[in-house]
Amino acid sequence: MAKVLMKGNEALAEAAIQAGCRHYFGYPITPQNEVTAYMAKRMPEVGGVFLQAESEVSAINMVYGAGGAGARVLITSSSPGISLMQEGISYIAGAEVPCVIANIMRGGPGLGGIQPSQSDYFQATKGGGHGDYKLIVLAPSTIQEMAELVQQAFHIADKYRNPVMILGDGMLGQMMEPVDFDILKKEENKIEEKPWATTGMGTRNKRNIINSLELDPQILEKHNIEIFKKYQKAAREEVRYEMTNCEEAEIILVAYGTIARVAKNVIEIAKRENIKVGLIRPISLWPFPEEPFKKTKDHVKAYLTIEMSMGQMVEDVKLAVNGQKEVHFYGRVGGMVPEPMAILEEIKKIRGKK
Amino acid sequence: MAVVFQKTKGLTDTPFHYCPGCTHGIVHRLVAETMEELGVLDKAIGVAPVGCAVFAYEYFNCDMQEAAHGRAPAVATGIKRVHPDKIVFTYQGDGDLAAIGTAETVHAAARGENITVIFINNAIYGMTGGQMAPTSLIGQETLTTPYGRKPETNGYPIKMCEMLSTLEGAAYIERVSVYDVKHVLNAKKAIKNAFKAQINKKGFSMIEVLSSCPTNWGMSPNEALKWTKDKMEQYYPLGVYKNTLEEEK
């Protein structure tokens, strides 16, 4: 298969199928509707299951059932729909069931709008549902990367028996770019045995129970500690980021997803004005990459976090920088995308400061 | 010596936690016996609810998943779509199935999801201590209807069998009770029919079991069984509401 021109949402769906996902449960919501349409058409072709649920609440619980039964399973939605799924996501994390959840974010709060946004960062990385749990959150910035990260997400979900979230936005879902599926890592598509899954006992002499209930506080505490050990392992092994032009940069932009593309334009525009600007692009939002900040803090004047939110990831940037350098923030919301010249203005303001 | 009676293989050795006089134990046994007799224990996957039966996964001797409040039919749908040839059942109370999980119940039935639902209707929320259920009777006193359930403020009890039997996807719907031996035996027959409907890939099947809750009704076990018979059965008539199995005959 050569390069094909695809919408982000379609690439997301196709990558999941190529990763061995044969079960998709969803509910239509803009701006990710291409995923449901694509899956409705493609799943029967590959002998898979597409099911349009009656609600996001039902859909995520179908995912819980299917993931618990041993399938590679995908669910996609957009911000208000993801809010409805939080109950199920907490149960899935509690019961240690692997699945991949994609949030193609739109503006909020409430019904908000249908234009791109990044205002679900807190919900994705800090919990969202009840209880102590973590999602591993991956944020692509191109459609090629979307496809690659979806495949890695299935692998990571199985590895940790934990939900993995792809955090994109409406722009990434809707734009078209060439995608090469041949270069995707095929070994990660290998599905390993899941001896814990509910498949019917068959000849097994032990029952398999998928559950998140522990009424004994000592046992529940032990369970919480056990799953956190898992998250600590993920925090060591699943950190992903990209650094661009950081070696001599005086100002380093911090941006993920779509806005990282705008930031790369800013680097080029700033060059013409002899301003050295770099970019740190977290690819895993949880675990959040701290290394690039350690590597750059000695020579950089300040960090400028750019988001399509009122300022959410900037808190993680501040934690990573730990007061050693200034951390600034510039954001647009409501579906507005920060423009390169506006970002450059912010850079100049920071440089002008004594 | 010939064995005339023994414990079903469908149940584990874990002792039930249910209150004295509660009929959950009887229904557990009927479901377990049915699965054993149909020879499906090795391919059964159950979904446990919240509420009094929250520990159902400790008792049924098969693979089990624990669902969130009301979501059991959605969880069962996910499992069944992965394993269409396995036997998937849910075990749910009235708060779970007819209140918070109404949408999941109705749509699983409407899709003709090939699963079996065991619905325990005791007209009250048991585990949380006796609040009004969607199935609580008019006039029934509960913690949240201390002056009796009034239609003008609390609405009317929901008749799930009647409602679900209007759906094309429903294959077998029956309401039974377990207040005496005759009715227990009939309940067993109904549960078996529901599982047979699933084995024959007929679609959604549900057995509603009118059950007693002596603790939260504030009655002795005997009084509770009598109340099930005299009061509940009046509003919730027993019988087969839908049966596509018969069409084969």
Side-chain angles (χ1 to χ4, degrees), chain A residues 21-25 27 43 48-73 75 84-92 94-95 97 99 129-130 194 196-215, chain B residues 9-12 14 17 35 40-51 54-88 90 100-111 113 115 127:
Chain A
C21 168
R22 290 294 176 274
H23 292 82
Y24 175 88
F25 303 92
Y27 189 80
M43 275 303 195
V49 170
F50 164 83
L51 202 161
Q52 181 173 327
E54 64 272 23
S55 69
E56 286 89 345
V57 177
S58 274
I60 192 70
N61 281 282
M62 290 171 185
V63 166
Y64 170 52
R72 273 200 167 167
V73 56
I75 188 164
L84 280 168
M85 291 177 190
Q86 293 304 327
E87 171 197 270
I89 294 172
S90 166
Y91 276 74
I92 291 170
V97 167
C99 68
H130 60 283
K194 297 179 180 177
W196 49 264
T198 55
T199 55
M201 278 170 73
T203 53
R204 211 190 318 123
N205 56 15
K206 192 184 135 281
R207 301 178 309 134
N208 279 346
I209 309 290
I210 306 275
N211 181 26
S212 62
L213 177 71
E214 291 296 353
L215 290 184
Chain B
K9 289 191 180 71
L11 291 173
T12 64
T14 311
H17 69 283
M35 290 194 292
V40 298
L41 273 174
D42 62 335
K43 59 175 190 172
I45 305 165
V47 183
V50 297
V54 70
F55 291 121
Y57 59 85
E58 299 274 19
Y59 306 139
F60 289 112
N61 192 19
C62 60
D63 281 3
M64 296 285 292
Q65 286 201 36
E66 173 66 45
H69 310 69
R71 317 300 176 217
V75 176
T77 297
I79 298 168
K80 188 73 182 189
R81 295 297 178 114
V82 175
H83 300 297
D85 294 322
K86 302 290 163 71
I87 298 304
V88 180
T90 73
I100 194 167
T102 319
E104 285 79 359
T105 307
V106 169
H107 286 273
R111 282 194 303 270
E113 209 64 56
I115 59 172
M127 182 64 110

Enumerate by number any residue of residues 100-108 of chain B whose heavy atoms lie under 4.5 Å from heavy atoms of chain A; in the absence of such residues, state 'none'. B:Ala103, B:Glu104, B:His107
Please classify the contact between B:Ala44 and chain A as side chain, backbone, both or neither, with a heavy-atom cut-off of under 4.5 Å. backbone
Sorted by chain and number, sequence neighbours left out, side chain to side chain contact (heavy atoms under 4.5 Å, CB included) with A:Ala53 holds for A:Ser58, A:Ala59, A:Met62
Minimal heavy-atom distance between A:Thr198 and B:Asp63, with the atoms involved, is CA-OD2, 3.4 Å
Within this structure, what is the CG-CD distance for the pair A:Asn211 and B:Gln65, rounded to the nearest 0.5 Å? 9.5 Å
Largest heavy-atom contact set with chain B, pairs under 4.5 Å, which of A:Ala197, A:Gly202, A:Ala71, A:Ser90: A:Gly202
Chain B heavy atoms under 4.5 Å from A:Arg22: which part of the residue, side chain, backbone, both or neither? neither
Kindly give the heavy-atom pair with the smallest separation between B:Val75 and A:Tyr64, and that separation in Å. CG2-CD2, 3.6 Å
Begin from the C-alpha positions of A:Tyr91 and B:Arg71 and carry the test side-chain contact (heavy atoms from CB on, under 4.5 Å) through to its verdict. CA-CA 11 Å; A:Tyr91 276 74; B:Arg71 317 300 176 217; over 6 Å; no
Applying salt bridge (charged side-chain N to carboxylate O under 4.0 Å, His left out), name anything that partners B:Lys43, two or more places apart in sequence or on another chain. none
A:Val73 vs B:Arg81, test: side-chain contact (heavy atoms from CB on, under 4.5 Å). Steps then yes/no. CA-CA 11 Å; A:Val73 56; B:Arg81 295 297 178 114; over 6 Å; no
Using the test side chain to side chain contact (heavy atoms under 4.5 Å, CB included), find all partners of B:Asn61 that sit at least two apart in sequence or belong to another chain. A:Met201, A:Arg207, B:Thr12
Under 4.5 Å from a heavy atom of chain B, the part of A:Leu215 involved: side chain
Which heavy atom of A:Thr199 sits nearest a heavy atom of B:Ile45, and at what distance? C-CD1, 3.7 Å
Exercise: identify the closest heavy-atom pair between B:Val82 and A:Ala69: CG1-O, 3.9 Å
A:Ile209 to B:Cys62 - nearest heavy-atom pair and separation: CD1-O, 4.4 Å
Please check this pair: side chain of B:His83 against backbone of A:Gly200, looking for a donor-acceptor N/O pair closer than 3.5 Å. no
Rounded to the nearest 0.5 Å, what separation is found between the CD atom of B:Glu113 and the CG atom of A:Leu51? 6.5 Å
Name the region of B:Phe60, side chain, backbone, both or neither, that has any atom closer than 4.5 Å to a heavy atom of chain A. backbone
What part of A:Val49 lies closer than 4.5 angstrom to a heavy atom of chain B: side chain, backbone, both or neither? side chain
Using non-hydrogen atoms and a 4.5 Å limit, figure out which bit of A:Thr203 sits close to chain B: side chain, backbone, both or neither. neither
